[in-house]
Amino acid sequence: VMEHYDVRIDEEDLSSLPQEEQQRRVEEIRREMSGMARDCFRESLVTVRVSLLGGERALIHFYSDGLIIDGWSLELLMRDMEYFYEAIARDMPDAPLLFRNYVEFMESRRHTAEYRKSEAFWLKKIPELPEAPALPMKQTGKGAETIEVCKHTGTLSKDEWNRFEAACRKFTSFTGLLTAFGEVVGAWSKKKDFCINVPTFNRMAAGGMADNTVGECASFFLFAMEHSRSSFIEKAERNRRELALLMEHDSYTCRERSHR
């Protein structure tokens, strides 16, 4: 484990620009950073930039590659940034488990009967899974590999969310959202039976010791979405049962399979 790692922070002074020009430049930086594709062997997977807006105001732009950090860790980083921003002289709290220790713990599970059972389950199941959804492409052939991130935001009111949760009383709201996502993807996919990645955190396996560990502590399930004329509730019930089965065999992660 490295004792110290310097992250380069580039500053750009926008304080002399009108507010409209500041906003335009900030959006340019956001688009540039959101489309980053780094070489993990040669480049830093963390980028920090600061836009100075004037009047002791600054905007921090933060990029981290998904290869080294998961969503849980991002929340930890945002929490710690707020913690130190409020009192810069505070000491860093000790993490009960370093990421290296987490990796060693996960490796140790590979020698258990539970792991071997999960491995046998997934090695049998994976060849039987359908392919990825066949979504329409804006561009094919040369140039289609270019990735452009586009953010769309939607919200539900508190009343709408409460009604959705009430409709999901026989399963979970996550299962309801997963089923809704599958319905939307299925509406666009040429293949009506398809496979998607369902992210999952492996921190719980460490008995809570990894709750404050920053790193890539997530994996995913390969989940088959099946097309049928069943009602939404019936599809969600099917997905609930399938999720429960997959979670019974979570000692072997699909990430391990993809790395082999």
Measure from the side-chain N and O atoms of [X] to the backbone N and O of [Y], and report whether any donor-acceptor pair falls under 3.5 Å.
X      : Y      : answer
Thr175 : Phe171 : no
Arg169 : Ala166 : yes
Trp188 : Pro136 : no
Asp70  : Ser73  : yes
Asp193 : Pro130 : no
Glu43  : Asp39  : yes
Ser189 : Val185 : no
Gln22  : Leu14  : yes
Asn101 : Leu98  : yes

Using the rule that Ile, Leu, Val, Met, Phe, Trp and Tyr join whenever any side-chain heavy atoms are under 4.5 Å apart, tell me whether [X] and [Y] fall into a single cluster.
X      : Y      : value
Leu123 : Leu245 : yes
Met247 : Leu177 : no
Leu135 : Leu129 : yes
Leu53  : Ile29  : no

Open item on the list: Tell me whether Glu131 at atom CD has more than 12 heavy atoms from other residues, nucleotides or ligands lying less than 6.0 Å away.
Closed with: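 No.
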TODO: May I ask you to check whether Ser251 and Arg116 show a side-chain donor-acceptor distance below 3.5 Å?
DONE: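 The answer is no; no qualifying pair exists.
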For [X] versus [Y], what's the shortest heavy-atom pair and its separation?
X      : Y      : answer
Met225 : Arg238 : CA-NH1, 4.4 Å
Ala134 : Lys191 : CB-CG, 4.0 Å
Leu67  : Cys40  : CD2-CB, 3.7 Å
Glu160 : Thr155 : OE1-O, 4.4 Å
Ile69  : Glu216 : O-OE2, 3.5 Å
Leu76  : Thr213 : CD1-O, 3.6 Å

TODO: Output all residues satisfying ring pair (Phe, Tyr, Trp, His ring centres under 6.0 Å) with Phe164, sequence neighbours left out; order by chain, then residue number.
DONE: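 So Phe164 forms a ring pair (Phe, Tyr, Trp, His ring centres under 6.0 Å) with Trp161.
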Open item on the list: Are Arg49 and Ile9 packed together at the side-chain level, in the sense that at least one heavy-atom pair is separated by less than 4.5 angstrom?
Closed with: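 With C-beta onward as the side chain, the pair stays apart.
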Answer yes when [X] and [Y] have at least one side-chain N-carboxylate O distance shorter than 4.0 Å, and no when they do not.
X      : Y      : result
Arg241 : Glu234 : no
Lys124 : Glu128 : yes
Lys235 : Glu183 : yes
Glu237 : Arg240 : yes
Arg8   : Asp10  : yes

- [ ] Please determine which of Glu27, Glu20, Glu28 meets the salt bridge (charged side-chain N to carboxylate O under 4.0 Å, His left out) test together with Arg24.
- [x]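 Exactly one option meets the salt bridge (charged side-chain N to carboxylate O under 4.0 Å, His left out) with Arg24, and it is Glu28.
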- [ ] Quick one: sort the Phe201 and Trp72 rings into parallel, tilted or perpendicular, breaks at 30° and 60°.
- [x]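 Correct class here is perpendicular.
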Task: Within residues 231-250 or reaching into it, pairs that qualify as ring-ring contact (aromatic ring centres under 6.0 Å, His included) - sequence neighbours excluded - done: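 Sorted pair list: Phe121-His249.
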TODO: Decide yes or no on side chain to side chain donor-acceptor pair (under 3.5 Å) for Ser51 and Glu12, but give the supporting numbers first.
DONE: CA-CA 5 Å; Ser51 297; Glu12 184 172 349; 5.5 Å; no
